[in-house]
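Right, one structure below, let's go through it.
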2 protein chains.
Amino acid sequence: MPRPKTRIQQKNSETILEAALEVFSAQGFRGATLDQIAEVAGLSKPNLLYYFPSKEAIHQALLTALLDTWLDPLREINPMGDPVAEIMGYMRRKLELSRDFPRESRLFANEILQGAPRMRAAIEGDMKALVAAKAGVLHGWMDQGRIARVDPVHLLFSIWALTQHYADFDVQVRAVLGDGHDPYAEAEAFLKTLYRKLLAP
Amino acid sequence: MPRPKTRIQQKNSETILEAALEVFSAQGFRGATLDQIAEVAGLSKPNLLYYFPSKEAIHQALLTALLDTWLDPLREINPMGDPVAEIMGYMRRKLELSRDFPRESRLFANEILQGAPRMRAAIEGDMKALVAAKAGVLHGWMDQGRIARVDPVHLLFSIWALTQHYADFDVQVRAVLGDGHDPYAEAEAFLKTLYRKLLAP
DNA sequence: GTCTATACTCTGATAGAC
DNA sequence: GTCTATCAGAGTATAGAC
């Protein structure tokens with residue numbers, strides 16, 4: 001990928017990544033084709049490969065940018081804040097990520113589901129370290145009796161599972177709910193109740 | 001697909017479906033190839049296509065069988081039973097499905113994630129109807145004050161999300177936990193606590 | 001029923017004109 | 001920088017021998 005210098009290069013790179021996100025998140029890596037991405041981007045296939053050296057490289061660029069976005073809400077948990085408010089805020093921010101960036105959530109889910117062939121290092125490195133640090137914070141709050149004692153890592157897993165479910169299984173959620181529902185608004189109310197009860201000391 | 005009559009036909013069909021499950025669940029529909037399935041099955045590629053008319057047909061056979069297995073635990077919820085015990089039992093059976101049939105869970109997740117192109121009818125039909133029926137049962141229990149009042153459908157979503165997470169995101173769960181953990185045993189303890197608190201009237 | 005050989009299509013990537 | 005044309009390989013499916 002040539003270092004985007006000019007405005008036009010910058011713009012085209014972004015157009016390609018946007019189109020690639022659309023296609024990869026809906027079809028998975030193998031299911032997506034350069035033809036589809038080119039069509040969505042409104043560019044020719046060889047032109048895609050002028051900006052990125054390969055299909056693999058486009059995918060990798062998306063994943064690299066994604067992990068940071070994905071972990072940001074967790075980083076924001078403040079050890080000095082009010083425990084329940086911090087955890088509720090984290091849950092809410094993760095749910096907002098699902099609502100506002102469902103394609104990113106599905107891109108991530110596709111990758112993990114298939115064994116994380118291109119993200120394993122990041123998961124075993126950055127993600128694991130961050131989770132360990134924040135689990136320590138949660139543990140401290142439990143020791144102080146400020147929230148109920150539960151397994152801190154599984155508490156984080158539960159927030160991931162419950163919030164990402166609404167993006168990753170969107171089709172199923174909407175099909176089962178039927179018309180006239182706002183899945184994310186209902187989810188927020190349900191999850192608030194759930195975590196308020198779970199965390200009460 | 002020829003109606004399996006002889007014992008050898010029966011056996012080969014099963015061998016193919018077992019191999020196909022292995023490959024489809026790990027790679028998705030497009031990512032899987034007949035070559036891979038043939039190799040895992042220990043058969044030649046044309047031989048696969050003697051038993052099933054196409055790659056599509058193999059996949060369809062797996063999905064059709066899957067949905068029933070997947071919904072069985074929900075069907076077993078007994079309106080006459082003890083509400084908390086019934087819901088806890090459902091959660092536990094779903095978690096056991098994730099633990100004992102993780103490939104089936106990932107096959108299902110792959111399908112939904114990509115928009116359920118081959119399962120939409122079943123979801124909008126059987127699954128939606130079953131959920132509506134069981135949501136009615138839950139509602140009745142809430143009206144009687146036997147469990148806390150929460151959105152019954154989102155309660156079911158939460159059980160799906162939390163239990164399937166351990167199969168679908170297995171790689172991430174194990175990477176983050178590190179060695180020396182039994183994810184499913186820990187999950188069961190965590191989820192028991194979670195639902196006991198959530199459901200307490 | 002099972003195999004080898006092969007037809008045909010799709011797809012990632014490159015060549016080369018402009 | 002962008003396009004048309006095209007190559008090479010992979011992948012689904014079929015033909016036909018045994």
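Please read all numbers here as calculations on a predicted model, not as lab measurements. In the text below, chain A, chain B and the rest are named by the order of the sequence lines, each starting its count at 1.
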Check your understanding: Is B:Lys55 reaching over with its side chain to a backbone N or O of B:Ala32, donor-acceptor style, under 3.5 angstrom?
Key -> yes

**Study point:** Smallest separation among heavy atoms of B:Thr163 and B:Ser98, with atom names
**Key:** O-OG, 2.9 Å

Review point. Are A:Arg106 and A:Phe169 in a cation-pi setup, meaning NZ or CZ lies under 6.0 angstrom from the ring centre and within 45 degrees of the ring axis?
Key: no

Return the polar atom pairs (N/O with N/O) between nucleotides 11-13 of chain D and the protein under 3.5 Å, or none.
unit_1	atom_1	unit_2	atom_2	d
D:dG11	OP1	A:Arg30	NH2	3.1
D:dT12	OP1	B:Ala32	O	3.4
D:dT12	OP1	B:Lys55	NZ	2.9
D:dT12	OP2	B:Leu34	N	2.9
D:dA13	OP2	B:Lys55	N	2.9

Point to revise | Basic-acidic side-chain contact under 4.0 Å: B:Arg103, B:Asp170 | key: no

Practice item. Give the first and the last nucleotide of DNA chain C, reading 5' to 3', that has any atom under 4.0 Å from a heavy atom of chain B. Key: C:dG1 to C:dT11

Review point. Looking at the rings of A:His154 and B:Tyr166, which for Trp means the six-membered one, are their centres under 6.0 Å apart?
Key: yes

Practice item. Any ring-ring contact (aromatic ring centres under 6.0 Å, His included) involving residues 79-100 of chain B? Give me the pairs, sequence neighbours left out, ordered by first then second residue. Key: none

Practice item. Please check if the side chain of A:Thr64 supplies one atom and the backbone of A:Ala61 the other of a donor-acceptor pair under 3.5 Å. Key: no

